[in-house]
Amino acid sequence: MHVIDSHTGGQPTRVIVDGGPDLGTGTLAERKLRFGERFDDYRMKAVLEPKCSDAMVGALLCPPTLPDGDCCAGVIFFNNSGYLDMCGHGTIGLMVTLGYLDKIGLGKHLLETTVGIVETELLSSNTVSVENVASYCLKKDVTIDVDGLGPVAGNVAWGGNWFFLVEQAPIPLNRSNIRALSEAATEIRRALVQQSITGVDGAEIDHIEFFETPEDGPADSRNFVLCPGLAYDRSPCGTGTSAKIACLAESGKLAPAEEWTQESIIGSRFRGVYRRDDAGRIIPTITGEAHIYSDTQLIFQTGDPFMHGIG
Ligand code: PYC
């Protein structure tokens, strides 16, 4: 399997360039289902230990399917626990990787994801902006009872994945608290399930996001995001920043085209802005940097007991 690894503000992306599964035809959402049902061993081989860390997000390149699309590619994102709909840092990593491979040049490129087409722009060999899918706040000021934390208030929002956004982080957002933050976020996720608080159509809220206002520096906000496989996002999380921008926009705290700088728990940054489309929906654009660090052939030796990863 030929893979190219990059990181976007510290958060890794592994693009399968060759040797991935043939998912056949149908919409990308149908192919994502088929990936999970029939070819999940490819996901495990690509992103589980011992070949990878838990933070890795995989990106399977697929031929685009939408009839009117002038898309340069289709993509299905996945991680250590399953499949993602959209991934902001992963899109930035993917576009930098396609540039590195000379498959695209500087400029605008449409990319098909399982939740729709996103417009990307390769601004330099390492900088990408992503105009994400329409984002919105579904439920405002929801209070849940959380074991060990008591009542926690937050917003449920969509930014390409489902998020529970907690303005008042239960613990200060610094690197020495990453384990405690992960545990607190895991309890919140569990409480959301127990208290039947979901996204649209009962979708599980599988990303938990805490915020803090930095005392100094250029960022408007620092965040900590727990991903579905319980790894934390080293980047400021593109879909999480989109969900945050949607909440700010809906509460009148951010105007169209006004810039929002989101910083991650490790200090990497995304710049975000939004526009309203003809239907009045919030369309965020996230800009960040990715760097390639490996162009690798993964080897699966006969007899390797952990060929499919440590599941
Ligand atoms: O950047 O959207 C993102 C993301 C989702 C999960 C990890 N990163």
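No hydrogens, no waters, no symmetry mates; every other heavy atom, side chains included, goes into these values. Start at 1 and go down the list; that is how both ligands and their atoms are numbered. These numbers come from a predicted model, not from an experiment. Throughout, numbering of the chain's residues begins at 1 and tracks the sequence.
- A distance of 10.5 Å separates CZ in Arg271 from CD1 in Ile286, rounded to the nearest 0.5 Å.
- Residue Glu259 qualifies as enclosed at atom CD: its count of foreign heavy atoms under 6.0 Å is above 12.
- In summary, the aromatic rings of Tyr42 and Phe35 are positioned with their centroids too far apart to meet the 6.0 Å limit.
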Taking a 3.5 Å cut-off between nitrogen or oxygen atoms, can you list every pair linking ligand 1 to the protein, with distances?
residue  : atom  : partner : partner atom : Å
ligand 1 : 1 (O) : Gly88   : N            : 3.3
ligand 1 : 1 (O) : His89   : N            : 2.7
ligand 1 : 1 (O) : Gly238  : N            : 2.7
ligand 1 : 2 (O) : Gly88   : N            : 2.7
ligand 1 : 2 (O) : Gly238  : N            : 3.4
ligand 1 : 2 (O) : Thr239  : N            : 2.9
ligand 1 : 2 (O) : Thr239  : OG1          : 2.7
ligand 1 : 8 (N) : His89   : ND1          : 2.9
ligand 1 : 8 (N) : Asp233  : OD2          : 2.8

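- Checking Glu263 against Ser221 by side-chain atom types alone, no donor-acceptor pair falls below 3.5 Å.
- Under a hydrophobic-cluster definition in which Ile, Leu, Val, Met, Phe, Trp and Tyr are linked whenever side-chain heavy atoms come within less than 4.5 Å, directly or via other members, Val128 and Val118 are assigned to the same cluster.
- Legend: residues meeting ring pair (Phe, Tyr, Trp, His ring centres under 6.0 Å) with Phe163, ordered by chain and number and at least two apart, are His207.
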